[in-house]
J.: 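First the structure, which I've put down as structure tokens, then a few questions once you've had a look.
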Amino acid sequence: MVLTAEMKEHLYRLEEDLWRAETRYDRAAMDKCFAPDFFEFGRSGRTYTRDELLPAADETGEIPISLPLPNFNITAIDENSVLITYLSELTRHGTTERANRASLWTKIDDQWQLRFHQGTPCE
């Protein structure tokens with residue numbers, strides 16, 4: 001697959017939307033975003049299912065992430081799949097937590113859906 005500038009921008013926005021409160025806490029948006037078989041290996045080491053990561057109807061909050069996402073890279077896997085990698089920097093209570101992130105996105109019925117995500121702590 002040839003990743004055009006337009007495709008790269010679209011995929012960047014999809015990934016960044018996971019870190020924006022207005023989309024991350026929008027259950028309908030996340031239901032559309034997460035593939036049926038989505039799961040995550042969290043920064044904590046815990047495994048999360050799709051259902052565990054769908055926000056509750058009344059869930060809100062701030063996400064103290066540094067944007068734009070540093071070291072953002074997209075690698076085409078095949079005609080319908082890409083691997084996105086980047087560094088996340090979340091600052092809570094004066095402490096910045098960094099993690100290497102990896103997301104596998106698959107185009108299903110002409111829509112990109114998140115199949116897998118992993119966060120690995122780093123310094």
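Residue numbers start at 1 and run along the sequence shown.
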J.: Could you state the interatomic distance from CG (L54) to CZ (R27), rounded to the nearest 0.5 Å?
T.: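 The distance works out to 4.5 Å.
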
J.: What is the minimum heavy-atom distance between Y25 and G61, and which atoms define it?
T.: CE1-O, 3.3 Å

J.: Can you tell if the side chain of P55 reaches within under 4.5 Å of the side chain of R24, non-hydrogen atoms only?
T.: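 In short, these two side chains touch, coming nearer than 4.5 Å.
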
J.: Using every non-hydrogen atom in the two residues, find where D78 and M1 come nearest and quote the distance to one decimal.
T.: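 Distance-wise, the nearest heavy atoms are O-CE, 3.0 Å.
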
J.: I'd like to check E97 versus R43 (side-chain heavy atoms, cut-off strictly below 4.5 Å). Are they in contact?
T.: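 E97 reaches R43 side chain to side chain.
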
J.: Report yes or no: does T23 contribute a side-chain atom to a donor-acceptor pair with the main-chain N or O of R20 at less than 3.5 Å?
T.: yes

J.: Once rounded to the nearest 0.5 Å, what's the spacing between atom OH of Y86 and atom CG of N100?
T.: 10.5 Å

J.: Below 4.5 Å, heavy atoms only, C-beta onward: do L14 and H10 meet side chain to side chain?
T.: yes

J.: Using the salt bridge (Lys or Arg N to Asp or Glu O under 4.0 Å) rule, take R50 and D31 through it: C-alpha gap first, then chi angles, then the decisive distance, then the call.
T.: CA-CA 9 Å; R50 180 185 198 279; D31 189 49; 2.9 Å; yes

J.: Are L83 and F72 connected in the hydrophobic side-chain network, where two residues link if heavy atoms are under 4.5 Å apart?
T.: no

J.: According to a hydrophobic-cluster definition based on side-chain heavy atoms being under 4.5 Å apart (Ile, Leu, Val, Met, Phe, Trp, Tyr only), do Y48 and I84 belong together?
T.: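 Yes.
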
J.: Count I, L, V, M, F, W, Y as connected when their side-chain heavy atoms are under 4.5 Å apart, and connections chain through other members. Are L53 and L114 then in the same cluster?
T.: yes

J.: I need the minimum non-hydrogen distance between V2 and M7, along with the two atoms involved.
T.: O-SD, 3.6 Å

J.: Could you measure the distance from the CZ atom of R101 to the OG1 atom of T85? Nearest 0.5 Å is fine.
T.: 12.5 Å

J.: According to a hydrophobic-cluster definition based on side-chain heavy atoms being under 4.5 Å apart (Ile, Leu, Val, Met, Phe, Trp, Tyr only), do L18 and I63 belong together?
T.: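 Looking at the clustering, I63 is in the same group as L18.
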
J.: Please determine whether side-chain contact (heavy atoms from CB on, under 4.5 Å) holds for the pair Q113 and T106, giving the CA-CA distance in whole Å, both sets of side-chain angles, and the decisive distance to 0.1 Å.
T.: CA-CA 5 Å; Q113 290 190 306; T106 301; 5.8 Å; no

J.: Roughly how far, to the nearest 0.5 Å, is the CD atom of E22 from the OG1 atom of T60?
T.: 12.5 Å

J.: Do other residues, nucleotides or ligands put more than 12 heavy atoms under 6.0 Å from E9 CD?
T.: yes

J.: Evaluate the side-chain proximity of V82 to I77: yes if any heavy-atom separation is below 4.5 Å, no if none is.
T.: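 A side-chain contact is absent here, since even the closest heavy-atom pair is not under 4.5 Å.
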
J.: Is there a donor-acceptor pair under 3.5 Å between the side chain of H117 and the backbone N or O of F41?
T.: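 Such a contact is absent between H117 side chain and F41 backbone.
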
J.: So which atom in T120 and which in Q118 form the shortest heavy-atom distance, rounded to 0.1 Å?
T.: OG1-NE2, 3.4 Å

J.: Can you tell if the side chain of E89 reaches within under 4.5 Å of the side chain of P70, non-hydrogen atoms only?
T.: yes

J.: Establish whether L3 and L69 are linked, either directly or via other cluster members, by ILVMFWY side-chain heavy-atom contacts under 4.5 Å.
T.: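 Cluster IDs for L3 and L69 match.
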
J.: If we only count heavy atoms from C-beta on, is the R115 to F38 side-chain gap below 4.5 Å?
T.: no

J.: Donor-acceptor pair, distance only, cut-off 3.5 Å: does the side chain of E16 make one with the backbone of R13?
T.: no

J.: Rounded to the nearest 0.5 Å, what separation is found between the CG atom of N80 and the CG atom of D109?
T.: 10.0 Å

J.: If we only count heavy atoms from C-beta on, is the E15 to S103 side-chain gap below 4.5 Å?
T.: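 Side chain of E15 against side chain of S103, heavy atoms only: contact under 4.5 Å found.
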
J.: Checking S44 side chain against R46 main chain: does a donor-acceptor pair fall under 3.5 Å?
T.: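 Yes.
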
J.: A side-chain contact here means heavy atoms from C-beta on lying under 4.5 Å apart; do Y12 and P68 qualify?
T.: yes

J.: Just do the side-chain contact (heavy atoms from CB on, under 4.5 Å) check on W105 and C33 with the steps written out, would you?
T.: CA-CA 10 Å; W105 290 85; C33 172; 3.6 Å; yes

J.: Side chain of Q111, backbone of K32: donor and acceptor closer than 3.5 Å?
T.: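 A pair under 3.5 Å: yes.
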
J.: Rounded to the nearest 0.5 Å, how far does CZ of F116 lie from CG of D37?
T.: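 Nearest 0.5 Å value for the CG-CZ distance: 11.5 Å.
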
J.: Taking atom types as modelled and ignoring hydrogens, do the side chains of E40 and T47 form a donor-acceptor contact shorter than 3.5 angstrom?
T.: no

